[in-house]
Amino acid sequence: MTQEPSERPVNWSMYLHVPFCKRKCPYCDFFSVTDRSLIPLYVDGVCKEMQIWSDAVSGRGHMPMHTLYLGGGTPSVLSVSQVGRILETVYRFFDVTTGAEITMEVNPGTVDAGYLSDLRRLGINRLSIGAQSFDPAKLSFLCRIHSREQVFETLAGADRAGFTNLGIDLMYALPDETLNNWQTDLDTVAGLQLPHLSCYMLTLAPGTPFYDQYEKGGFSPCDPDRCSDFFVYTSQVLKNAGYLHYEVSNFARERKFRSVHNTHYWERGAYLGVGPSAHSFLPGVPSDVDIPVSGRQPGPGKMPGVAGHTGPVRAWNTTDIRAWLDHLAAGHLPWSGHEILTPDQETMEQIMLGLRTDKGVGVNGLCQETRELMGRLAAQGLGAFFNHNGPDFSIRRFRLTRSGMIRLDSIVEALIQGVMK
Ligand code: SF4
C-alpha cells in the first residue's frame with residue numbers, strides 16, 4: 001500500500017539564504033548582492049515566507065526542525081535585532097527540537113566580540129567562519145575584505161562568547177600555491193584544534209571575474225594531478241592532526257562536531273529553503289496540502305502535479321529579490337521552478353551524495369540491479385577507488401577511498417550511466 005507522505009515521520013531542516021555581501025569575491029557564484037538597502041524588506045520577506053509554509057501545512061502540527069542554517073551571502077551583515085526577529089519567527093511557526101543545531105555563517109571583518117556574544121544569546125549554537133586563509137597574500141588574491149588579524153579576532157570573540165561548536169572555511173590550490181604554502185594554513189588550524197574545518201579547492205565558476213580572466217588566458221587553474229596531490233596531502237595532514245575526514249571537503253575533530261545540517265543534505269533529508277535562490281527538498285506533498293505557488297494553480301492554492309505526489313519534490317526560489325518580495329506579498333511561495341524526482345533520479349542522487357561521505361551508500365536503499373552494477377564497477381576499472389574489491393554482494397555499504405573521492409565526478413558518471421541505461 002502506498003503511504004501518504006504525511007504519515008512518514010519527517011525530520012526537517014531549514015536553510016535560510018541571506019543574499020547580501022559587503023563586496024563580491026571574484027571566485028564566488030553564490031547568489032548575493034552588495035546593495036544592502038533591501039535588507040529590511042528582506043527580513044520582512046523571510047518572515048512572510050515562513051508563515052506561508054506554516055499555513056500550507058497547518059492542521060498537521062508544526063514541522064519539527066532539527067537544524068537551522070543561516071547561510072549566504074554574508075548573514076553577519078544583518079543586525080542583531082534582524083537575526084533575532086528571524087529566529088523568533090522560526091520558533092513561532094515551527095517546532096525547533098531540543099538541542100537543534102543552529103548554525104550561522106559569519107565573516108571576519110563583519111563581526112566583533114559583542115555581536116558574537118549577542119548571537120550566542122539569541123540561540124545560535126554553531127558558527128561557520130568564512131576565513132579562507134590566514135595568509136595575507138592569499139586573502140589579498142581572493143579579494144577578501146578581512147585581514148589575518150581579523151580571523152584571529154573573530155575566533156577569539158567566538159571563544160569568549162562561549163561557542164564550542166564552530167568551524168572555518170579554508171581555500172586551497174590557488175594558482176602558484178605550493179604544498180608548503182598550504183601547509184602553513186593547515187599547521188595554523190591544526191594548532192588551534194578547531195572543532196570543524198571545510199577545505200575547498202578554488203574552482204572556476206562560469207560568470208565570475210576569475211573565470212573571465214581564465215578565458216582571456218590570465219589565470220591558470222590547478223591541473224588535475226596537482227589538485228589530486230593537494231587533496232591527498234590535505235586529508236593526510238589533517239588525519240595526522242587527529243581530524244576525521246568525513247566528507248570530501250569536511251573534517252571534524254570529533255564525531256560530535258560533524259555538521260548535522262550538511263549531513264542531513266547528504267542523507268537526502270527533507271528541508272525547507274527560505275530566501276531568494278534557496279532550494280527546498282520535500283519528501284512528498286500530501287494530497288490535502290496546498291502549496292501556494294503563483295501561476296500554477298487552477299483553483300485556489302492547488303499545485304497540479306505536486307499536491308498528493310508521494311515522490312520527492314525539489315523546488316527552487318527565484319533569485320530576483322524584487323520578484324521574490326512580490327510573490328510573498330501575493331501570498332505565494334516564491335518558487336521559480338520545481339521537479340518531481342523519478343526513481344532513477346533518486347538512485348542517482350543517493351549514490352552521488354552518499355559517496356561524498358565516509359558512510360558511503362547503503363546497499364539497502366538500492367535495488368538489486370544497482371547493487372550488482374556497483375559491485376561490478378568496484379571489481380573492474382574503478383576497483384582501486386572503492387574501499388573494498390570484488391563483487392562482494394554481502395557488503396552493506398559502498399565507500400570510496402581517498403583517491404576515489406578526488407575522482408568522485410568520473411566515478412559517479414560511470415555509475416550513473418550504468419544505472420540510467
Ligand atoms: S563573502 Fe562569501 S558569499 Fe559573499 S561574495 Fe564572498 S564568497 Fe561569495
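Throughout, numbering of the chain's residues begins at 1 and tracks the sequence. What you are looking at is a predicted structure, and each value in this text was computed from that prediction instead of being measured. Remember, it's 1-based here, ligands and their atoms both numbered in the order they're listed.
Among protein heavy atoms, atom 2 (Fe) of ligand 1 sits closest to Arg144 NH1, 4.0 Å.
Taking the side chain to side chain contact (heavy atoms under 4.5 Å, CB included) definition, one finds that Glu177 meets it with Lys138, Tyr172, Leu174, Asn181, Trp182, Arg226, Phe230, sequence neighbours left out.
Within the protein, the N, O or S atoms sitting under 2.8 Å from atom 4 (Fe) of ligand 1 are Cys21 SG.
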What pairs of donor and acceptor atoms, side-chain ones from residues 160-170 against any protein atom, are under 3.5 angstrom apart with sequence neighbours left out?
none

Could you pull out every donor-acceptor pair under 3.5 Å between side chains of residues 37-52 and any protein atom, sequence neighbours left out?
from: Ser37; atom 1: OG; to: Asp35; atom 2: OD1; distance (Å): 2.7
from: Ser37; atom 1: OG; to: Asp35; atom 2: OD2; distance (Å): 3.3
from: Tyr42; atom 1: OH; to: His17; atom 2: O; distance (Å): 2.6
from: Asp44; atom 1: OD1; to: Arg85; atom 2: NH1; distance (Å): 2.8
from: Asp44; atom 1: OD1; to: Arg85; atom 2: NH2; distance (Å): 3.2
from: Glu49; atom 1: OE1; to: Gly275; atom 2: N; distance (Å): 2.9
from: Glu49; atom 1: OE1; to: Trp324; atom 2: NE1; distance (Å): 3.0
from: Glu49; atom 1: OE2; to: Asn317; atom 2: ND2; distance (Å): 2.8

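Ring geometry for His338 against Trp335 counts as tilted: the plane angle lies between 30° and 60°, on a 0 to 90° scale.
Counting heavy-atom neighbours within 6.0 Å of Tyr233 OH, excluding the residue itself, gives a total above 12.
Side-chain contact, Ser403 with Thr401: no donor N or O sits under 3.5 Å from an acceptor N or O. Using modelled atom types, one finds no donor on one side chain facing an acceptor on the other under 3.5 Å when comparing Asn107 with Ser76.
Proximity of Gln132 to ligand 1 is not established, as no heavy-atom distance is less than 4.0 Å.
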